Amino acid sequence: MLDIQFIRGNPKAVKEKSKQKGVDVNVEELLELDQKRKKMIAQLEESRQERNEHANSLKKGKPDKAQINKGRELKEKITSAEEVLMPIEKRFKELLTQIPNMPLDEVPVGKSENDNKVIEVVGEKPKFSFEPKSHIEIGEKKDWIDKKRAAKVAGSRFVYLKGDLVRLEWAMNQFGVDRLSDEEWLKNIIEENNLKISPKPFIPILPPAVAKTAVYESTARLDKEETTYKLAEDDLWLNASAEHTLAPMHSGEIIDQTELPMRYVGLTTAFRREAGSYGKDIEGIIRLHQFNKLEIESFTTAEQGVDEHIFLVMIQRKLMEELGLPYQVIQKCTADIGGPNASGWDIDTWMAGQNAYRETHTADYMTDYQARRTKTRYRSKKGEVELVHNNDATVFSERPLIAIIENFQTEEGDVKVPEVLQKYMGGKKKI
RNA sequence: GGAGAGAUGGCCGAGUGGUUUAAGGCGCACGCUUGGAAAGCGUGUUGAGGAGAAAUCCUUUCGCAGGUUCGAAUCCUGUUCUCUCCGCCA
């Protein structure tokens with residue numbers, strides 16, 4: 001949610017920046033309602049004051065009929081004012097929550113994901129003396145990936161992952177958590193990029209995989225139509241990312257500034273309906289209804305929000321480099337960053353079997369847009385209450401496994417284990 | 001899932017319809033006191049919205065949402081969460 005004060009002062013910018021995101025917002029109606037709302041609230045407060053004064057004057061002794069009647073009158077005045085205010089308030093909130101976050105100035109303006117910018121291409125694509133196979137071919141041959149039985153049990157877009165591929169996933173996540181717990185490693189990234197933030201390690205966390213409607217909505221990430229699964233008997237939704245249960249974790253709290261940044265690295269199973277993507281990416285395990293993802297969520301001051309954002313992208317890049325995976329860095333355009341985002345970066349990783357770069361990572365910077373609604377605040381050193389800034393970022397999902405399988409395959413149909421993962425695989429060099 | 005108890009400020013805790021403008025304590029901040037400190041004394045100390053240059057004032061806030069009443073922390077209904085016991089269970 002945006003600050004209404006900001007909208008009042010910058011109606012044109014709000015309209016235009018929303019449009020850049022492909023969102024048509026009714027700023028005029030909102031501001032009109034805002035005026036009405038303010039007026040009504042002032043009126044209502046005046047009536048309430050009258051009521052309170054009247055009630056206070058009756059504290060001693062029993063009120064007589066005239067006094068009770070006067071009280072009733074005052075009450076009716078309040079009730080009718082409330083009745084006028086309620087629909088205004090409702091529509092006001094509706095319009096206000098429809099307005100997306102403002103993209104940062106450096107975010108490229110675009111109409112679709114085709115306008116995303118490739119900022120950097122990193123690493124050497126692997127060369128093969130044979131025709132590289134796709135991960136599904138290798139995975140089925142190795143009995144790592146079983147979609148047929150998963151379809152029998154759960155339907156399409158589900159999978160049984162098995163054997164060494166599972167060990168590889170756990171190894172990769174273990175590696176990620178180890179790096180994010182390593183203060184020296186984090187410090188190097190900060191110094192290399194001249195960031196002005198703390199090297200405080202990330203706290204590993206296993207969050208709930210569900211959230212209540214009101215809580216989910218407060219993150220501005222509840223996509224009821226296309227993405228999120230609802231539990232029929234309960235007021236609960238399955239999370240589509242750990243971000244969705246981590247961002248509202250400190251809802252309603254006022255955190256002391258000395259606690260910031262608060263950094264979490266959480267593993268959860270993500271569930272996505274993928275409605276509207278029928279027939280897309282149907283091969284292999286690229287797009288599933290269910291997958292595991294290790295995710296970062298961090299809470300910072302406003303001053304450190306942007307640096308934290310860059311930091312998270314740099315972490316992603318470093319991890320991919322250590323795995324030896326070639327990738328390209330994408331700065332997402334206004335149309336592709338998503339409603340609550342002020343900025344967003346992707347990493348697309350080279351997948352030899354696909355002969356393409358495919359999206360494996362996202363990093364989102366929300367400024368105070370999420371915090372305003374989740375009511376996540378901090379007390380500054382000056383003693384003032386401020387909204388935190390939220391950042392989230394993928395560490396690893398299951399998609400990098402595809403890149404590992406496809407890029408590190410051998411002619412014999414084996415897969416070389418990235419060196420940094422070998423110690424988590426009992427020393428195995430290939431699987 | 002069943003039965004019962006509870007939710008009050010940063011924390012503890014009193015409060016069963018009107019001197020509550022939420023007692024008291026702890027913590028914290030500032031001041032007085034002191035050679036300096038401790039103790040002691042005094043003042044302040046939830047968040048949100050609004051008016052004002054400011055001091056200050058108004059509205060709201062006792063888990064949340066409704067309701068009853070001239071008046072609600074207090075009574076009623078719903079709901080969420082916590083605890084105890086029973087049941088089930090990795």
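First the proteins, then the strands, lettered A, B, ... as listed; each starts at 1. Computed from a prediction, not measured in an experiment: that's the story for all the values here.
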(Q) Does A:Lys162 qualify as a cation-pi partner of A:Trp144, given the criterion of NZ or CZ under 6.0 Å from the six-membered ring centre and within 45 degrees of its axis? (A) no

Q) Rounded to whole angstrom units, what separation is found between the CG atom of A:Leu85 and the P atom of B:G50? A) 14 Å

Q. So, do A:Ile138 and A:Val415 sit near enough that their side-chain heavy atoms are less than 4.5 Å apart?
A. yes

Q: Could you check how far NZ of A:Lys39 sits from P of B:A51, rounded to whole Å?
A: 14 Å

Q: If B:U45 has a Watson-Crick or G-U wobble mate with both distances under 3.5 Å, name it; if not, just say none.
A: B:G27

Q | Strand partner of B:U79, provided both Watson-Crick or wobble distances fall under 3.5 Å | A | B:G63

**Q.** Distance-only donor-acceptor check, side chains A:Lys293 and A:Ser241, under 3.5 Å
**A.** yes

Q: For A:Arg379 and for A:Glu46, locate the closest nucleotide of RNA chain B by heavy-atom distance; then report the residue assigned to the nucleotide nearer the 5' terminus.
A: A:Arg379

Q | Who pairs with B:A37 - Watson-Crick or G-U, where each distance is under 3.5 Å | A | none

Q) Is there side-chain contact between A:Ile337 and A:Pro103, with heavy atoms separated by less than 4.5 Å? A) yes

(Q) I'd like the P distance from B:C62 over to B:U74, given in whole Å. (A) 8 Å

(Q) Rounded to whole Å, how long is the line connecting atom CD of A:Glu384 with atom C1' of B:G47? (A) 14 Å

Q | Pair partner, B:G9 [Watson-Crick or wobble, under 3.5 Å] | A | none

Q: May I ask you to decide if the ring planes of A:Tyr365 and A:His389 are parallel, tilted or perpendicular, using 30° and 60° as cut-offs?
A: tilted

Q: May I have the distance from A:Leu74 (atom CG) to B:U59 (atom P), rounded to whole angstrom?
A: 13 Å

Q.
When the P atoms of B:A51 and B:U34 are compared, how many Å lie between them, rounded to an integer?
A. 47 Å

Q) B:G63 and B:U16: how far apart are their P atoms, nearest whole angstrom? A) 15 Å

Q: Provide the distance between the two C1' atoms, one in B:A23 and one in B:G66, to the nearest whole Å.
A: 30 Å

Q. What's the closest nucleotide to the A:Glu45 side chain, out of B:G71, B:C58, B:A48?
A. B:C58

Q) B:G71 pairs with which nucleotide, Watson-Crick or G-U wobble, both distances below 3.5 Å? A) none

Q) A:Asn69 side chain N/O closer than 4.0 Å to the phosphate oxygens (OP1, OP2) of B:C70? A) no

Q: Please report the C-alpha distance between A:Asp34 and A:Arg8 in whole Å, then the side-chain angles of each, then the deciding distance to 0.1 Å, and finally whether the salt bridge (charged side-chain N to carboxylate O under 4.0 Å, His left out) criterion is met.
A: CA-CA 9 Å; A:Asp34 179 45; A:Arg8 279 178 202 146; 2.5 Å; yes

Q: Just name whichever nucleotide pairs with B:U20, Watson-Crick or G-U, keeping both distances under 3.5 Å, else none.
A: none

**Q.** Aromatic plane relationship, A:His289 with A:Phe158 - under 30° parallel, 30 to 60° tilted, over 60° perpendicular
**A.** tilted

Q.
Under 3.5 Å for both donor-acceptor distances, Watson-Crick or wobble: does B:A14 have a partner, and if so which one?
A. none

Q) Is A:Arg72 near enough to B:G71 that one of its side-chain N or O atoms lies under 4.0 angstrom from OP1 or OP2? A) no

Show each protein N/O and nucleotides 63-66 of chain B N/O combination with a separation under 3.5 Å, one pair to a line.
none

Q.
Between A:Asp348 and A:Arg399, does any side-chain N to carboxylate O distance fall below 4.0 Å?
A. no

Q | Separation of B:A48 C1' from A:Arg37 CZ (nearest whole Å) | A | 11 Å

Q.
Would you measure the distance from the P atom in B:A38 across to the matching atom in B:A55 and give it in whole Å?
A. 30 Å

Q | Atom pair distance, as rounded to whole Å: CZ in A:Arg372 and C1' in B:G47 | A | 16 Å

Q | Any side-chain heavy-atom pair of A:Arg179 and A:Ile315 under 4.5 Å | A | no

Q | Closest to side chain of A:Arg377, choosing from B:G71, B:A48, B:C58 | A | B:A48

Q. Taking the side chain of A:Gln5 as its heavy atoms from C-beta onward, which of B:G50, B:G71, B:C58 lies nearest to it?
A. B:G50

Q: Taking only the side-chain nitrogens and oxygens of A:Asn52, find out if one of them lies under 4.0 Å from OP1 or OP2 of B:C70.
A: no

Q. Taking CZ from A:Arg48 and P from B:U21, how many angstroms apart are they, rounded to a whole number?
A. 17 Å

Q: Pick the C1' atom in B:U80 and in B:U68, then give their distance to the nearest Å.
A: 23 Å

Q) Which nucleotide, in any strand shown, forms a Watson-Crick or G-U wobble pair with B:U84, with both distances under 3.5 Å? A) B:A3

Q. Does the ring of A:Tyr160 carry A:Arg149 above it, NZ/CZ under 6.0 angstrom from centre and within 45° of its axis?
A. no

Q: Take atom CD of A:Glu253 and atom P of B:C11, then tell me their distance rounded to the nearest Å.
A: 11 Å

Q | Separation between the P atoms of B:U82 and B:C28, rounded to whole Å | A | 31 Å

Q: Decide side-chain contact (heavy atoms from CB on, under 4.5 Å) for A:Asp368 and A:Arg377; before the verdict, give the C-alpha distance in whole Å, the side-chain angles of both, and the deciding distance to 0.1 Å.
A: CA-CA 9 Å; A:Asp368 59 7; A:Arg377 294 162 294 179; over 6 Å; no

**Q.** Rounded distance in Å between the P positions of B:G49 and B:G40
**A.** 38 Å

Q: Go through residues 207-220 of chain A and report each residue with a non-hydrogen atom lying under 4.0 Å from RNA chain B, sorted by number.
A: A:Lys212

(Q) Show, in sequence, the C-alpha distance, side-chain angles and deciding distance for A:Ser298 and A:Asn391, and conclude whether the side-chain hydrogen bond (donor to acceptor under 3.5 Å, both in side chains) test is met. (A) CA-CA 5 Å; A:Ser298 76; A:Asn391 267 286; 4.6 Å; no

